[in-house]
Amino acid sequence: MTVSSSSSTTDYVVIGGGSAGCVITQRLVEAGKSVTLLEVGPPDNHPFIHIPATFVRIIGSHRSFMYKSEPEPGIGGRTLYVPQGRTLGGGSSINAMIYIRGQAEDYDTWRDLGCPGWGYADVLPIFKRSEGNERLSGEFHGARGRLKVSDLTHTHPLTHAFLHAAQEAGYPYNDDFNGRNQSGIGLFQTTTSEGRRGSTAVTYLNVVRNSPLLTLRTGCEVTRIILENGAAVGVAFRANGTAHEVRVRHEVILTAGAVGTPKLLMLSGIGPGAELVRHGIEVQRDLPGVGENFQDHISAPVYGVTDQPISLLGEDKGLRAVRHGLQYLCSRSGLLTSNVVESGGFIDTAGSGRPDVQIHVTPALVGDAERKPMGKHGITINPCVLRPTSRGKVSLRSADPSAPIVLAPNNLTTEEDVATLVRGIQACRRILRQDSLRELGLTEMLPGGPDELSFEALAAHGRAVAKTVYHPTGTCRMGDVAHDAMAVVDTRLRVSGVARLRVADASIMPTLVSGNTNAPTVMIAERCADFLLAPA
Ligand SMILES: Cc1cc2nc3c(=O)[nH]c(=O)nc-3n(C[C@H](O)[C@H](O)[C@H](O)COP(=O)(O)OP(=O)(O)OC[C@H]3O[C@@H](n4cnc5c(N)ncnc54)[C@H](O)[C@@H]3O)c2cc1C
């Protein structure tokens with residue numbers, strides 16, 4: 001590789017132009033700071049990113065990382081694909097756009113785990129400030145924020161059949177999962193606006209895209225944070241086969257996601273000392289928590305199949321696809337405005353007074369990222385464990401930045417998680433048996449069998465089909481760094497013992513929130529910008 005001696009200087013470097021990185025960049029530039037934003041992936045200029053229903057075509061393309069886990073002991077030794085965004089907007093450019101914040105208790109738990117200032121009362125104003133909700137406002141919602149949130153304008157008939165069936169099974173309808181009470185089933189609101197995806201690249205970054213204060217570089221892989229005398233002074237990156245450096249006057253902000261962020265810290269000598277030494281990396285800061293505490297939402301679908309042509313199967317083919325495309329082009333309406341995963345809900349399967357399972361519903365039979373289409377009409381009712389107790393790990397395979405990381409999620413390795421998943425499967429099977437789905441000819445394909453299946457049979461089904469809901473978090477967790485050796489960042493998101501370096505993405509979550517993770521990540525990024533712009 002050619003080494004360029006070029007070394008520019010900027011106020012801040014933001015590493016990774018994903019959900020969080022785009023937010024922080026916009027906030028800093030808006031405040032008059034110069035920012036260099038380095039993103040390894042290409043620009044977000046593919047139409048399938050912006051048309052809501054077509055995001056599934058981006059997953060698996062060069063705009064996504066397809067991380068592969070090690071064989072997973074909790075799921076019979078299978079490996080799982082864990083996709084992540086790899087383009088401007090990151091996950092917010094390839095995700096299912098569901099807008100969920102989690103439960104108030106999630107943030108109160110963070111507060112009580114050594115993160116004062118991160119309780120629900122502290123974060124709610126930030127959620128509201130970032131939210132531009134087209135329907136809701138008031139105590140729990142913001143109408144004027146940058147992150148556009150809207151109701152779906154197109155919903156599939158099977159979605160409504162599910163909503164009816166869930167009510168018949170006893171679950172109440174909830175028209176606001178982000179209000180006072182998360183419990184119940186209903187339609188998701190999505191981060192979309194006027195029939196288009198509202199990624200953070202679109203809603204935040206684009207606002208400052210032409211500012212002379214912004215240096216935006218895509219196709220740049222950051223390989224190391226440059227440290228001098230215990231402080232971050234710049235980053236090393238490569239682009240088009242050439243190595244470059246950029247120096248900072250103020251700080252480096254790392255937002256490469258829950259897999260990319262710990263990887264880059266470790267490559268820079270910040271991480272578990274013994275492991276770094278094993279890879280021949282000079283230890284700059286021995287931080288054993290880097291890469292630990294991996295958490296993800298794991299689901300095990302219940303499939304209902306029917307002979308009737310009532311699902312999305314075939315809608316992306318031939319004349320029907322042309323019709324949907326024309327409708328979208330002419331009037332920004334129809335199937336292509338849908339996020340496909342239109343409905344679901346939150347249920348309390350343990351009677352604890354707090355939902356412990358989230359359901360995502362797709363009006364089609366869908367498997368995991370790498371599985372082939374099933375070729376039949378049907379519905380997928382997907383329960384996931386909201387607050388997993390299993391913990392995994394991200395570690396380096398070698399000191400070579402191009403080497404794939406070692407991803408050991410350890411999903412379903414606690415009895416508690418398996419029991420919660422089984423109760424979720426039972427609830428979804430019950431919903432599938434209600435009249436509103438039954439009268440469409442839907443019968444259970446998987447797990448299949450009699451109404452009453454044993455715990456062991458359902459657990460076996462869960463382990464056989466378990467897949468990620470794409471919410472990896474926690475690998476650089478926030479905490480009380482003075483007393484907690486495993487905490488990586490403090491409550492102002494500063495990396496413990498390393499000056500001028502912050503982490504501000506999904507990796508800092510001490511525990512996984514009870515819901516989808518994009519809105520919480522945007523909240524974290526907004527707070528990071530607040531901390532940078534108003535130093536303590
Ligand atoms: C398929 C899928 C569906 C999802 N569905 C939903 C949903 O419906 N609702 C929801 O709330 N959440 C959803 N999520 C999760 C949500 O999108 C993520 O939690 C969120 O995007 C995480 O944001 P982040 O900033 O931590 O990381 P990311 O958004 O992943 O950003 C990290 C960025 O850093 C870049 N990067 C990594 N390494 C380097 C490097 N060395 N140099 C330069 N750049 C680098 C990456 O390319 C990426 O752009 C989904 C995620 C996926 C993948």
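For ligands, and for the atoms within them, numbers begin at 1 and follow the listed sequence.
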The single option from Arg500, Arg502, Arg494 passing side chain to side chain donor-acceptor pair (under 3.5 Å) against Glu251: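 The option that passes is Arg502.
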Which of these, Thr54, Asp44, Thr192, Asn95, sits in a side chain to side chain donor-acceptor pair (under 3.5 Å) with Arg197?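 The passing option is Asn95.
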Do the ring planes of Phe188 and His360 sit parallel (below 30°), tilted (30 to 60°) or perpendicular (above 60°)?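 The rings of Phe188 and His360 sit tilted, inter-plane angle from 30° to 60°.
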Would you say [X] and ligand 1 have an N/O pair spaced under 3.5 Å apart?
X: Asp505; result: no
X: Gly41; result: no
X: Val469; result: no

In terms of side-chain geometry, is the basic nitrogen of [X] or [Y] positioned less than 4.0 Å from the acidic oxygen of its partner?
X: Arg78; Y: Glu70; result: no
X: Arg27; Y: Glu526; result: yes
X: Asp530; Y: Arg492; result: no

Side-chain donor-acceptor pair under 3.5 Å between [X] and [Y], yes or no?
X: Asp400; Y: Ser402; result: yes
X: Asn178; Y: Glu131; result: no
X: Ser92; Y: Asn518; result: no
X: Thr491; Y: Trp118; result: no
X: Thr190; Y: Asn339; result: no

Quick test: of every protein heavy atom, which one is nearest to [atom], and how far off is it to 0.1 Å?
atom: atom 53 (C) of ligand 1; result: Pro83 O, 3.3 Å
atom: atom 20 (C) of ligand 1; result: Ser19 OG, 3.5 Å
atom: atom 49 (O) of ligand 1; result: Glu39 OE1, 2.7 Å
atom: atom 26 (O) of ligand 1; result: Ala506 N, 3.0 Å
atom: atom 9 (N) of ligand 1; result: Ile98 O, 2.9 Å
atom: atom 38 (N) of ligand 1; result: Ala256 CB, 3.7 Å
atom: atom 19 (O) of ligand 1; result: Thr517 OG1, 2.7 Å
atom: atom 52 (C) of ligand 1; result: Tyr470 CB, 3.4 Å

Please classify the [X] to ligand 1 contact at 4.0 Å (heavy-atom distances, strictly less than): side chain, backbone, both or neither.
X: Asn95; value: both
X: Cys220; value: backbone
X: Ile59; value: side chain
X: Phe65; value: side chain
X: Ala20; value: both
X: Ser64; value: neither
X: Lys263; value: neither
X: Val341; value: neither

Using the rule given for side-chain hydrogen bond (donor to acceptor under 3.5 Å, both in side chains), can you reason through Asn382 versus Thr380, listing the C-alpha separation, both sets of side-chain angles and the distance that settles it, and then say yes or no? CA-CA 6 Å; Asn382 235 335; Thr380 305; over 6 Å; no
List ligand 1 atoms under 4.0 Å from Gly91, heavy atoms only on the residue side.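 So the answer, numbered in order with elements, is 17 (O), 21 (O), 28 (P), 29 (O), 30 (O).
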List ligand 1 atoms under 4.0 Å from Gly18, heavy atoms only on the residue side.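 So the atoms of ligand 1 that pass are 29 (O), 31 (O), 33 (C), 49 (O).
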Only one of Tyr120, Tyr107, Phe140 clears ring-ring contact (aromatic ring centres under 6.0 Å, His included) with Phe127; which?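 Single ring-ring contact (aromatic ring centres under 6.0 Å, His included) partner of Phe127 among Tyr120, Tyr107, Phe140: Tyr107.
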Run the contact test for [X] against ligand 1 with a 4.0 Å cut-off on heavy atoms, strictly below, and give the result.
X: Gly515; answer: no
X: Thr200; answer: no
X: Leu38; answer: yes
X: Gly21; answer: no

List for me each residue that meets side-chain contact (heavy atoms from CB on, under 4.5 Å) alongside Thr9, sequence neighbours excluded, and say none if there are none.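 Scan of Thr9 (side-chain contact (heavy atoms from CB on, under 4.5 Å), adjacent residues dropped) gives Arg247, Arg249.
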